[in-house]
Amino acid sequence: MVGIIKMNEKKRKILLTAMKLFSKKNFHQTSMQQVADVCGISKGSLYTYFKSKEELLLDIFSYYYQLLNDQIAASAKDSDTPREAFIREIAIRIRHYCQFQEFFLMQLHEIKGLEDKSLNQYVRQENAKLLRKTEKGIVSVFGPETAPYAADLTATLKGMLTSYMRGVMEEGTACDFNALAHFLFLQVEAAAQALIEKQPDPFFVTPLLQELADGGQEETVHPLYIVRKMKESSAAQEEDLIAETIDILEKELRELKPRPALLAGMIRNLKDNEELVQLAGELERIIGLYE
């Protein structure tokens with residue numbers, strides 16, 4: 001389960017500061033004492049927020065990935081065509097890279113050298129989710145003929161994103177996110193058309209082919225998307241208690257580690273409302289809270 005991270009401002013400052021240090025010196029060469037010094041706090045105070053340097057790095061990755069996923073979810077529109085949704089997601093990723101340039105650089109330094117197995121696994125899983133989401137987007141936009149090449153086209157887009165973002169950072173110029181997203185999309189579109197026409201053997205094999213053959217898997221809807229639908233559905237009710245319950249639920253989902261008991265209680269209250277019972281049940285299923 002993910003949610004927009006809403007945390008203590010001091011903790012957020014430590015995360016961003018550590019991110020900058022790790023991007024410049026790398027994780028192994030940066031000590032917790034150095035992080036504490038730059039943050040203007042004692043080493044002991046730093047350990048009240050993070051038990052170890054590994055936990056600090058994990059929270060940095062969690063902060064980044066969750067924020068990216070939530071921005072994509074928040075931008076989704078029911079009226080979107082697959083093409084519009086795909087281009088908008090590219091634009092959001094570009095904007096996110098620009099906003100967190102230090103993290104972008106840190107990823108290039110750190111991912112290959114992570115020694116913590118659980119942390120390494122987490123990063124790989126999150127990257128795999130992004131890749132799979134892009135693959136599905138490609139098939140949705142360009143049709144089932146591109147399914148055999150979904151992994152290759154995803155690699156093409158990822159490579160272009162990395163190259164263009166390096167160039168933007170090196171030049172230090174302002175970046176028009178939407179313009180660049182459309183430009184990259186045109187290149188992916190041209191590559192997809194060429195592959196469909198020439199039909200070479202794919203270089204990368206993707207499990208998406210088997211998934212499509214099996215009828216596909218149900219897409220996982222982001223929890224905050226359901227919360228937004230709840231707000232829309234309850235707007236006409238003008239009930240303060242309902243609005244307050246949804247607000248509490250939303251705030252909790254924005255925490256790095258939401259409390260299951262509180263979520264369950266809020267959802268239970270919303271299931272008593274006839275207009276929200278279906279959405280509440282869907283949210284309960286998505287985040288895995290069952291009575």
Side-chain angles (χ1 to χ4, degrees), residues 1-72 74 91-127 129-130 158 161-175 177 180 224 251-259:
M1 176 179 61
V2 296
I4 297 173
I5 299 178
K6 187 177 180 68
M7 61 179 69
N8 178 285
E9 185 59 29
K10 188 69 174 180
K11 185 173 183 178
R12 180 177 180 276
K13 178 183 176 182
I14 295 172
L15 286 178
L16 296 179
T17 299
M19 189 187 297
K20 292 179 180 180
L21 288 174
F22 294 159
S23 69
K24 293 178 180 178
K25 295 187 61 176
N26 89 35
F27 173 73
H28 298 291
Q29 295 177 358
T30 305
S31 67
M32 290 290 270
Q33 184 63 62
Q34 290 172 319
V35 174
D37 291 342
V38 175
C39 290
I41 60 176
S42 68
K43 187 176 179 180
S45 295
L46 178 58
Y47 277 107
T48 64
Y49 291 100
F50 306 97
K51 296 178 181 179
S52 66
K53 191 167 66 167
E54 288 72 21
E55 181 178 301
L56 172 57
L57 185 60
L58 175 60
D59 275 7
I60 288 175
F61 279 107
S62 298
Y63 180 85
Y64 177 87
Y65 285 121
Q66 291 187 20
L67 197 57
L68 175 59
N69 289 330
D70 291 338
Q71 287 178 356
I72 292 172
I92 290 172
R93 290 173 64 179
I94 294 171
R95 183 180 65 194
H96 207 64
Y97 286 149
C98 289
Q99 182 181 0
F100 294 99
Q101 294 185 22
E102 292 85 3
F103 182 86
F104 178 81
L105 296 172
M106 189 186 75
Q107 280 194 98
L108 299 178
H109 293 160
E110 303 299 343
I111 288 179
K112 293 182 179 179
L114 292 177
E115 296 177 357
D116 186 298
K117 291 184 179 179
S118 60
L119 181 55
N120 192 298
Q121 183 180 19
Y122 172 77
V123 173
R124 289 179 181 276
Q125 286 177 343
E126 291 302 315
N127 282 333
K129 289 178 185 177
L130 282 175
K158 181 180 178 181
L161 274 170
T162 301
S163 296
Y164 275 89
M165 293 318 303
R166 278 183 178 273
V168 168
M169 292 176 190
E170 289 174 359
E171 292 181 8
T173 57
C175 177
F177 312 125
L180 180 53
L224 291 178
K251 289 178 181 178
E252 190 64 22
L253 285 169
R254 289 177 175 178
E255 295 292 342
L256 183 58
K257 296 178 181 179
R259 291 165 290 182

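This chain uses plain numbering: 1 for the first residue, then up along the sequence. Predicted, not measured: the structure shown is a model, and the values here were computed from it. As a basis for the values below, the full set of heavy atoms in this structure was taken, side chains included, without hydrogen atoms, waters or symmetry mates.
Rounding to the nearest 0.5 angstrom, the gap separating the CD atom in Glu126 from the CG atom in Asn69 is 6.5 Å. Atom CD1 in Ile60 sits 12.0 Å away from atom OH in Tyr65 (nearest 0.5 Å). Atoms CG and NZ, on Leu15 and Lys11 in that order, are 7.0 Å from each other to the nearest 0.5 Å. In this structure, the separation between OG1 on Thr17 and CG on Leu56 is 10.0 Å, given to the nearest 0.5 Å. One finds the CE atom of Met32 at 4.0 Å from the CG atom of Leu46 (value rounded to the nearest 0.5 Å). Atoms OG and CD, on Ser42 and Gln33 in that order, are 8.5 Å from each other to the nearest 0.5 Å.
A pairwise comparison of heavy atoms in Val35 and Thr30 identifies CG2-CG2, 4.0 Å as the closest pair. Taking each heavy atom of Met169 and Tyr97 in turn, the nearest pair found is CE-O, 3.8 Å. When every heavy atom of Phe50 is checked against every heavy atom of Glu55, the shortest pair comes out as CA-OE2, 3.5 Å. Heavy atoms only, all atoms of each residue included: His96 and Tyr64 are closest at CD2-CE1, 3.2 Å.
At a threshold of 4.5 Å between non-hydrogen side-chain atoms, the residues Asp59 and Tyr49 do not count as touching. For the pair Phe22 and Lys53, the minimum side-chain heavy-atom distance is below 4.5 Å. With a 4.5 Å cut-off on side-chain heavy atoms, Val38 and Lys20 do not count as touching. The shortest side-chain heavy-atom distance between Leu16 and Met19 falls under the 4.5 Å cut-off.
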side-chain contact (heavy atoms from CB on, under 4.5 Å), that's the test. Do Val168 and Ile94 meet it? Break it down for me.
CA-CA 10 Å; Val168 168; Ile94 294 171; over 6 Å; no

Quick one: do Arg95 and Ile92 satisfy side-chain contact (heavy atoms from CB on, under 4.5 Å)? Show the steps, please.
CA-CA 5 Å; Arg95 183 180 65 194; Ile92 290 172; 4.0 Å; yes

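With Gln34 contributing its side chain and Ser31 its backbone, the two residues share a donor-acceptor pair below 3.5 Å. Judged by distance alone, the side chain of Glu252 and the main-chain N or O of Arg259 form a donor-acceptor pair under 3.5 Å.
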